[in-house]
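This report concerns only the one structure given below.
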Amino acid sequence: MSVATLAWLLLAGVASGLVGYLTGLASLVSYPALLAAGLSPLTANVSNTLGLVGVGVGSTARGWRSVSGDRWMLIIQSIVAALGGLGGALVLLHAGESAFERVVPLLIVAASLAVLAQPWLRRMSGEKEHTVGYLIVLGLISVYGGYFGAGAGTIYLAVTSILTAMSFGRVMVLKSLLLGVTNLVAAITFICFGPVNWWAAIALGIGCIIGGNLGPAVQKLLPERLLRVIVALAGLVLAVWLAVK
């Protein structure tokens, strides 16, 4: 892989890390960048999952204090995300990428609209914690995240902001942490059994750490309502791209 390609993936990683933190849609940047670098769809997906671990590392390093209050609940959520990521990775290695191709755009559209309608949906839910239901849905999302991952951050964001009583700012950091755990476990599985392009994954990952670390600072400059609109629009763009590609 040429130096120019590695530089391209590093820059794409910075953009992916920032976009991933702010919208949960790092794959909107990273996956096409890997395809443009000449990787096959399966290798790009596997290398993308490994590289995107950097988003969780970078963003959580800066925003850790906002989600570290209830340690036991955080541990439980991380375990659920890890098990889901493992399951999704094993499904991908066994079944390939085609199974979710039709349903993924619909999932992302639904999540994008849910993020946009989050204040109304939370009022409808009565501002209560829905712990059991949340953990079940979190597990299902984590399976999807380990399997394919495009738009998984938006789905995490929608579900967590609606089914928990946390503020939107805390949810932003938690979403990155849980997605990072899912990606990490899936990445370890891919390292053992899947076709990883290491140079691409490392270049992308370093960029993602930088971009993810910038995310919390940039978020403070954006009003919450505007950020929800950005997330929703970005999600719809990704859904259309996945539907027509």
Side-chain angles (χ1 to χ4, degrees), residues 11-33 52 54-69 104-129 134 137-138 141 145 149-180 207-243:
L11 292 174
V14 174
S16 299
L18 185 56
V19 170
Y21 180 82
L22 294 176
T23 70
L25 294 167
S27 292
L28 183 65
V29 179
S30 59
Y31 187 64
L52 291 185
V55 181
V57 173
S59 58
T60 306
R62 177 168 293 198
W64 167 252
R65 290 184 180 179
S66 68
V67 296
S68 60
V104 165
L106 298 178
L107 288 173
I108 297 173
V109 168
S112 300
L113 295 177
V115 169
L116 196 60
Q118 180 258 342
W120 179 78
L121 292 172
R122 176 170 280 189
R123 285 195 297 271
M124 290 289 290
S125 70
E127 298 285 346
K128 297 177 181 178
E129 296 273 2
Y134 165 65
V137 177
L138 174 62
I141 298 168
T154 300
I155 304 174
Y156 274 112
L157 183 60
V159 169
T160 306
S161 62
I162 293 168
L163 296 182
T164 74
M166 287 186 290
S167 67
F168 194 76
R170 290 184 66 198
V171 167
M172 289 286 289
V173 179
L174 181 62
K175 166 264 300 174
S176 296
L177 172 62
L178 295 177
L179 188 57
C208 283
I209 292 174
I210 297 170
N213 192 257
L214 294 173
V218 175
Q219 179 198 346
K220 293 179 181 179
L221 304 176
L222 300 174
E224 180 180 319
R225 181 177 298 179
L226 175 60
L227 191 55
R228 281 199 300 270
V229 172
I230 292 173
V231 171
L233 290 178
L236 294 176
V237 169
L238 178 60
V240 171
W241 180 77
L242 290 171

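- A donor-acceptor contact shorter than 3.5 Å links the side chain of Ser161 to the backbone of Ala158.
- Applying the side chain to side chain contact (heavy atoms under 4.5 Å, CB included) criterion to Leu178, with sequence neighbours excluded, gives Gln77, Ser78, Ala81, Tyr134, Leu138, Tyr156, Leu174.
- With sequence neighbours excluded, no residue forms a side chain to side chain contact (heavy atoms under 4.5 Å, CB included) with Leu221.
- Heavy atoms only, all atoms of each residue included: Tyr21 and Ser176 are closest at CD1-OG, 3.3 Å.
- The CG atom of Leu177 sits 10.5 Å away from atom OG1 of Thr160, with the distance rounded to the nearest 0.5 Å.
- Leu18 is linked by a side chain to side chain contact (heavy atoms under 4.5 Å, CB included) to Leu22, Leu214, Val218, counting only residues two or more places apart in sequence or in another chain.
- Contact between Gly212 and Pro216 at its shortest, heavy atoms only, is O-CD, 3.3 Å.
- In terms of heavy atoms, Ala26 sits closest to Val55 at CB-CG2, 4.4 Å.
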Working for side-chain contact (heavy atoms from CB on, under 4.5 Å), residues Leu227 and Met172: CA-CA 10 Å; Leu227 191 55; Met172 289 286 289; 3.8 Å; yes
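- Minimum interatomic distance between Leu179 and Ala152 (heavy atoms only, all atoms of both residues): CD1-CB, 3.9 Å.
- By the side chain to side chain contact (heavy atoms under 4.5 Å, CB included) test, Val237 pairs with Leu28, sequence neighbours left out.
- Considering only residues two or more places apart in sequence or on other chains, Ser30 meets the side-chain hydrogen bond (donor to acceptor under 3.5 Å, both in side chains) condition with Asn48.
- Atom CG of Leu157 is separated from atom NZ of Lys175 by 6.0 Å, given to the nearest 0.5 angstrom.
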